[in-house]
Amino acid sequence: MSTSKIEIDGVGKSYVSGKRRDRKVVNALQGVNLTIAPGGFVSLLGPSGCGKTTLLKCLDGLIPITDGEIRVGGKAIKGPGRDRAFVFQDFRLFPWRSVLGNVCFPLETTVSSRAERETTARKYIEMVGLSAFEKHHPHELSGGMQQRVGIARALAVNPDILLMDEPFGALDAQTRELMQVELLRIWELTGKTVVFVTHSVDEAIFLSQRIAVFSARPGRISAEFDVPFGYPRNEHTVRGDGRFVELRHEIWGLLKGDQNSSFSE
Amino acid sequence: MVRDWLVRIATFCALLLVWQLVAQQMSAAILPTPQRTVNALIALIERGELQTAWGQSAVQVAVAMVLSALLGVGLGVLFGWYRKLDQLFSPLFGSLFLMPRVALIPLIALWFGLQDVAKVMLIMAFSFFEIFFTVRNGVKSVESEYVDVARAYCVPQGRTLRTVVMPAIRPYIITGLRLGLVYALVGVVLAGFFLEANGIGGMIYDLGSNFRTAELMAALFSVMVVGLAVNLGLRQLETRLTPWQVSR
Amino acid sequence: MNKYLLPASGVAGFLIIWQIVGAFQGDFLSSPTRMVGEIVYLTTEGGLIGLVLITLGTMLIGWVLSIVIGVFVGFLIGRYRIMSVILEPYLIAKYSVPIIALVPLLVIWFGIEEGFLIATIIIATAIMLVFPTAAGTKETVRTYDQVARAYSISGWHFFIKILLPGSLPFIATGLRISVQRALMAVIVGEFLVGYNGLGTLLKDARIRLDADEVFAVAFIALLVGAVLTGAVGYLDRRLSSWRPVAVTS
């Protein structure tokens, strides 16, 4: 039994793109190494198009990797598994199903009793604070509420790992901060391992224990940072802390340098 | 809003007046007066001719629509879901879709004669492709969005098709059926023109060739009413059945 | 390369099967070779090229007139609310009705010559340009009206420099969806009154019911439809190239 939950070992992902004449191989990921401890909260941070979302989808098994190996709990993954759950940036709720129906969806293949499914689903709907809305349909909910449903759906399969792809990217700033606090509360409550993709430096620092910073073309991890704050975290104390400002400055410098070098290419 | 309707009513009355004035200067065989047209409509209904014609056409359209709906939705889902199958057949189907469907009339006459079977085939030539392509494109467009969710949660393919794809394409099916029915009306009219002259198309053709213009205009008016009712009614149904989607 | 393999094999498989079945049921199914033979015969002996050109010529005249009328009415509706109030009920009614049913009435009004064919095309297709143009005009006015006023552009200049280019992608959409209808209208018209063109070929095939001719005529119509659609699709992409998102419906 290894002490790490997820081991990303020399992972590469390349694909062929472009029309007939200017066909070329794009290295979306190259030589990515990262280990994540059980119950950890790690952010993948970088500019758009750097391959962080690709890595997350590879972690889930939605996209096959072309190089290296990803091990979860010591075993190499072959495709999507029920030990991992994916939270999509654009929510991806089924508009024809109610909140309850959406959260029940992933349980339908494993739990045969409808009553049992609904009991489980209700538990997580309550956890994200939407009990009063379980009969509503997605189009009747705000963006923040829809993503709460997305999180409840992911939790419903009781995965070890939550893979979150810029889950708050489509929300306005205020809702976003609220959801960050909510997510930390749920994380502490459930003890899941969370891999969180974001392009916001502040969000990454506020939420995670560790931050892996990506650079683009080829996508790889250029630096890792430990975040020096304990939990539970509070918006005001963290953002006011001198170490927050320092870390933020350091990461920004790194991202900026990367950006300039990619401009001069 | 009230003013808008006043303007509309006023222009409608003006239009009727212009029609009346122009028609008075002309032979009734070219342009009958509004009064004559209304009388012709009443006469057509009283003699039961309009009902008979529409009855024949309705049966033909109904049979063709049931067949096109079954085939169009079935094949549409199949082709949308299995990409290989789609690539194999898409040039054949696609080129048929680009062809002016009237050009199939001689072929249909050769294979199926001029009677009801031939007419159903011609109507299907119009309605099937609308349904098929709308459904196929629907399956393709919901694929990336919703099917990924099912994959992420390890839902097997067959189940994904049943519980994710089928409900997701419901709006496309309804839109396809609406378009199919609108085109079926074109088909049934042309069937009356170029195959056996019965139904509403045949009636319009006969009235036209006999210069019974007042009755012709009355028959055309009935086509307009049916077309409007079909289109608006099914649009209502569309928004009713899929409240989450803005109608296309 | 791989992308074209499956479609090509689909077409090839279809042609081979058709050829084999056609060898036994030729009077009913014709066959690819017999069809091509018939097309060659029609070209050399039947004046096929001339007939196609007549149809295309009539169609283009009618279609261009439809575009002019449709775009003009579309501008009026998009620019002046009163016009949209007055005209929209009729346009919606006309839009959901099989216009082709009007053809016998048009015969009575316009006779059986070219004027009738052009009237048929205009009545069937002008409407397809009205709605996209009106939508484009409305959007352009909404977005740029204040810009225009800020820079004191008005009247004719507003039309030429802002309204027309702004609505162009929408008009292009109208062109794309109306070309097939224009072709269908002219063929139906010719078919019905026996005016020289593709329609007469159809009429002849419909009477003689000779399998080779029936397939040849259908294939020619398919070819004409495909070429027209391809050409207009190209035009559409060129006219809408500045627009990031393609306009649909």
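A quick note: this is a predicted structure, and the numbers were derived from the prediction, not measured. Order of the sequence lines fixes the chain letters, A, B, ..., with proteins taken first and strands second; residue numbering starts at 1 for each chain.
- For a residue to count as touching a neighbouring chain, one of its non-hydrogen atoms must lie under 4.5 Å from one of that chain's; by this rule B/Phe12 touches chain C with backbone and side chain alike.
- The environment of B/Gln20 atom CD is dense: over 12 non-hydrogen atoms of other residues, nucleotides or ligands sit within 6.0 angstrom.
- Of all the listed residues (B/Ile200, B/Leu207, B/Leu104, B/Leu185), the one sharing the greatest number of non-hydrogen pairs under 4.5 Å with chain C is B/Leu185.
- In this structure, B/Asp4 and C/Arg81 have side chains that are in contact, with non-hydrogen atoms separated by less than 4.5 Å.
- Of the inter-residue distances, the one linking C/Leu102 atom CG with B/Met224 atom CE reads 10.5 Å to the nearest 0.5 angstrom.
- Residues B/Ile105 and C/Leu202 have side chains not in contact (no heavy-atom distance under 4.5 Å, counting atoms from C-beta outward).
- Between chain B and the residues C/Ala8, C/Gly10, C/Pro98, the most heavy-atom pairs under 4.5 angstrom are made by C/Pro98.
- When atom types are taken as modelled, the side chain of C/Arg206 and the backbone of B/Phe194 share a donor-acceptor pair closer than 3.5 angstrom.
- Neither the backbone nor the side chain of B/Phe89 comes within less than 4.5 Å of any heavy atom in chain C.
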Legend entry - B/Leu15 and C/Tyr90: CA distance, side-chain angles, deciding distance, side chain to side chain contact (heavy atoms under 4.5 Å, CB included) verdict: CA-CA 12 Å; B/Leu15 216 64; C/Tyr90 304 99; 4.1 Å; yes

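- The candidate with the highest count of non-hydrogen atom pairs below 4.5 Å against chain C, out of B/Gly208, B/Ser95, B/Gly187, is B/Ser95.
- Here the closest non-hydrogen pair linking C/Val11 and B/Pro91 is CG2-CG, 3.7 Å.
- When all heavy atoms are compared, the tightest approach of B/Phe193 to C/Ile100 is CE2-O, 3.7 Å.
- In this structure, chain B has a heavy atom under 4.5 Å from the side chain of C/Phe14, while its backbone stays farther away.
- Inter-residue side-chain proximity for B/Leu31 and C/Trp109 is flagged as met; some heavy-atom pair is nearer than 4.5 Å.
- Looking at B/Ala29, the atoms closer than 4.5 Å to chain C (heavy atoms on both sides) all sit in the backbone: N, CA, C or O.
- Proximity to chain C (any heavy atom under 4.5 Å) is restricted, for B/Leu216, to the side chain, taken from C-beta onward.
- If you tally non-hydrogen atom pairs under 4.5 Å between each of B/Leu98, B/Asp86, B/Thr11 and chain C, the highest count goes to B/Leu98.
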Inset, instruction - Start with the C-alpha gap between C/Leu29 and B/Trp111, add the side-chain angles, then the distance that decides, and say whether side chain to side chain contact (heavy atoms under 4.5 Å, CB included) holds. - result: CA-CA 9 Å; C/Leu29 296 172; B/Trp111 282 358; 3.5 Å; yes

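- The two atoms that bring C/Leu209 and B/Ala109 nearest to each other are CD2-CB, 3.8 Å, heavy atoms only.
- For C/Asp204, no part sits under 4.5 Å from any heavy atom of chain B, backbone or side chain.
- Heavy atoms of B/Leu107 lying under 4.5 Å from chain C belong to its backbone as well as its side chain.
- Of the inter-residue distances, the one linking C/Ile92 atom CD1 with B/Asn231 atom CG reads 10.0 Å to the nearest 0.5 angstrom.
- When heavy atoms are compared at a cutoff of 4.5 Å, C/Phe191 approaches chain B by way of both its backbone and its side chain.
- Only the side chain of C/Ile187 comes within contact range of chain B, with at least one heavy atom under 4.5 Å from a heavy atom of that chain.
- For the pair B/Pro100 and C/Leu183, the tightest heavy-atom approach, listed with the atom from each and the gap, is CG-CD2, 3.7 Å.
- Note that CE of B/Met217 is 9.5 Å distant from CD1 of C/Ile108, once rounded to the nearest 0.5 Å.
- Surrounding CZ of B/Arg8 are more than 12 heavy atoms belonging to other residues, nucleotides or ligands, all under 6.0 Å away.
- Pairing each heavy atom of C/Met184 with each of B/Phe126, the nearest pair is CE-CE2, 3.6 Å.
- Proximity to chain C is absent for every atom of B/Ile108, based on heavy atoms less than 4.5 angstrom apart.
- By number of non-hydrogen pairs under 4.5 angstrom with chain B, the leading residue of C/Ala221, C/Ser30, C/Ala211, C/Ala101 is C/Ala101.
- Shown here for B/Leu88 and C/Ser9, the closest heavy-atom pair between the two residues is CD1-OG, 3.8 Å.
- Summarising the geometry, atom CE belonging to B/Met99 is positioned 10.0 Å from atom CD1 belonging to C/Ile220; distances are rounded to the nearest 0.5 Å.
- Taking a 6.0 Å sphere around CZ of B/Phe133, one finds it holds more than 12 heavy atoms contributed by other residues, nucleotides or ligands.
- The candidate from B/Pro106, B/Ala10, B/Gly227, B/Ala103 with the greatest count of non-hydrogen atom pairs under 4.5 Å with chain C is B/Pro106.
- Interface remark: C/Val188 contributes backbone and side-chain atoms alike to the contact with chain B (heavy atom separation under 4.5 Å).
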